[in-house]
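For ligands, and for the atoms within them, numbers begin at 1 and follow the listed sequence. These numbers were taken from a predicted model, which means no experiment stands behind them.
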Amino acid sequence: MKMDVREALLERLKEAGGRWVSGESLSADLAVSRTAVWKQIGRLREEGYEIESSSRKGYLLRGVPDRLLPREIRSGLDSKVFGRREIVCFPETDSTNSRAKELAARGAPEGTLVLAGKQTGGRGRRGRSWFSPEGAGLYVSLVLRPKVAPVEAPKITLMTAVAVCDVLAPRLPSPPRVKWPNDILAGDRKIAGILTEISTDPDAVDYVVVGIGVNVNIPARRFPKEIRERATSLLIETGRSHSMTAILRSLLEAFERAYDLFRDGRFPRLLGRWRDYAGVMGRYGRIDQVGRGLTGKIENVDEDGSLLIRDDRGHLHRIVSGDVTYL
Ligand code: BTN
């Protein structure tokens, strides 16, 4: 009941669009005492809402917090599943992917969203770590339950890269690029990363956890020295800070659009868009894999997301995992 009053109160203050709302009209509209209104205003302030009060004029909403609050994420969100199901927010956790995997293993449905304000053990691909400072990056994991064979699952990573690029493209001065398999770059520096983890039976996928990390408001000096030359953020690229909530909302919407295409058997269309963002066909690259290296011309990315590279002797290699460096 209390929560409903708070929600309704906030709704009224938002509707007022920057104008004062009297305590009297609030208490009448919400059918609670003026003391109750005052109490809930206090709660909203604790959550980070900037609300002015005046004994004569009432209350005025000055600012909405850019903390990841489920209510703010959902407000104006144009999606049906992602962001609409359970949202689990941790002020701090080691890795949102680890939390999401635990939830998925206990039966969490598709669309479950796990967020963290900061990660103390953010994980990257190939055993690397992901720099996850407080309040300056998005750390998002989504639970999926696609009804597909395990071999289809890598397509989800490519699909996610397209969604992340769609979100960043309108916000960056020049389009983002995707570096196989799923590094998202602005210029030559990494701005976002994707870590997909799959739990599967022999013939069907049980669940997939897609983890997305986006460097939003991280200033250059905050990156550890070892990655400072290779990492960037939206703040660095655009010279201003961005609303984390707004980016998360677009991410959930873009993800849902891409996932719908994937489920409707329209992966080739996504792959085409992935190739546009990659723009590396015909370039020379070196692949570093455990135990060996390979240099050649990048010819294509095939339907299951493998990289096709032709070495100098004319042999075509199909690379399933590794890191590529453009030469
Ligand atoms: C990479 O480029 O190596 C992938 C980085 C993925 C980072 C995200 S942040 C949210 C989620 N939780 C993690 O521990 N990792 C992913």
Counting only heavy atoms, tell me which of T120, V140, I194 gets closest to atom 4 (C) of ligand 1.
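Residue with the shortest heavy-atom distance to the ligand atom: I194.
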Which option wins on minimum heavy-atom distance to atom 3 (O) of ligand 1: R128, E197, R125?
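Residue with the shortest heavy-atom distance to the ligand atom: R125.
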Side chain to side chain donor-acceptor pair (under 3.5 Å) partner of D183, chosen from R230, K190, R177:
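Going through the options one by one, the only one that passes is K190.
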Under 4.0 Å between a side-chain nitrogen and a carboxylate oxygen: does that hold for E7 and R71?
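Answer for the salt bridge query: yes.
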Nearest non-hydrogen protein atom, [atom]:
atom                    : value
atom 10 (C) of ligand 1 : T96 OG1, 3.2 Å
atom 8 (C) of ligand 1  : G213 N, 3.6 Å
atom 6 (C) of ligand 1  : R123 O, 3.6 Å
atom 5 (C) of ligand 1  : W130 CE3, 3.5 Å

Starting at OG1 of T112, measure out to CZ of R145 and round the result to the nearest 0.5 Å.
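Those atoms lie 8.0 Å apart.
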Residue portion contacting ligand 1 (non-hydrogen atoms closer than 4.0 Å) for [X]:
X    : result
Q119 : side chain
N182 : neither
K190 : side chain

Atom indices of ligand 1 within 4.0 angstrom of G122 heavy atoms, with elements
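Under 4.0 Å from G122, ligand 1 has these atoms: 14 (O).
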Show which atoms of ligand 1 fall inside a sub-4.0 Å distance from at least one heavy-atom site of G124.
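Atoms satisfying the 4.0 Å criterion: 1 (C), 3 (O), 4 (C), 5 (C).
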Please lay out, stage by stage, how S243 and R249 fare under the test side chain to side chain donor-acceptor pair (under 3.5 Å).
CA-CA 10 Å; S243 153; R249 243 186 255 128; over 6 Å; no
For S95 and ligand 1, does the shortest N/O to N/O distance drop below 3.5 Å?
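Yes: some nitrogen or oxygen of S95 is under 3.5 Å from one in ligand 1.
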Is there side-chain contact between L13 and I41, with at least one heavy-atom pair below 4.5 Å?
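A side-chain contact exists here, since the closest heavy-atom pair is under 4.5 Å.
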Any heavy-atom pair between the side chains of L142 and T160 that's under 4.5 Å?
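A side-chain contact under 4.5 Å is absent here.
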Side chains of R123 and S98: do they bring a donor and an acceptor to under 3.5 Å?
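Per modelled atom types, R123 and S98 side chains form a pair under 3.5 Å.
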How close do A192 and V164 get, counting heavy atoms only, and between which atoms?
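In this case the closest contact between A192 and V164 is CB-CG1, 3.9 Å.
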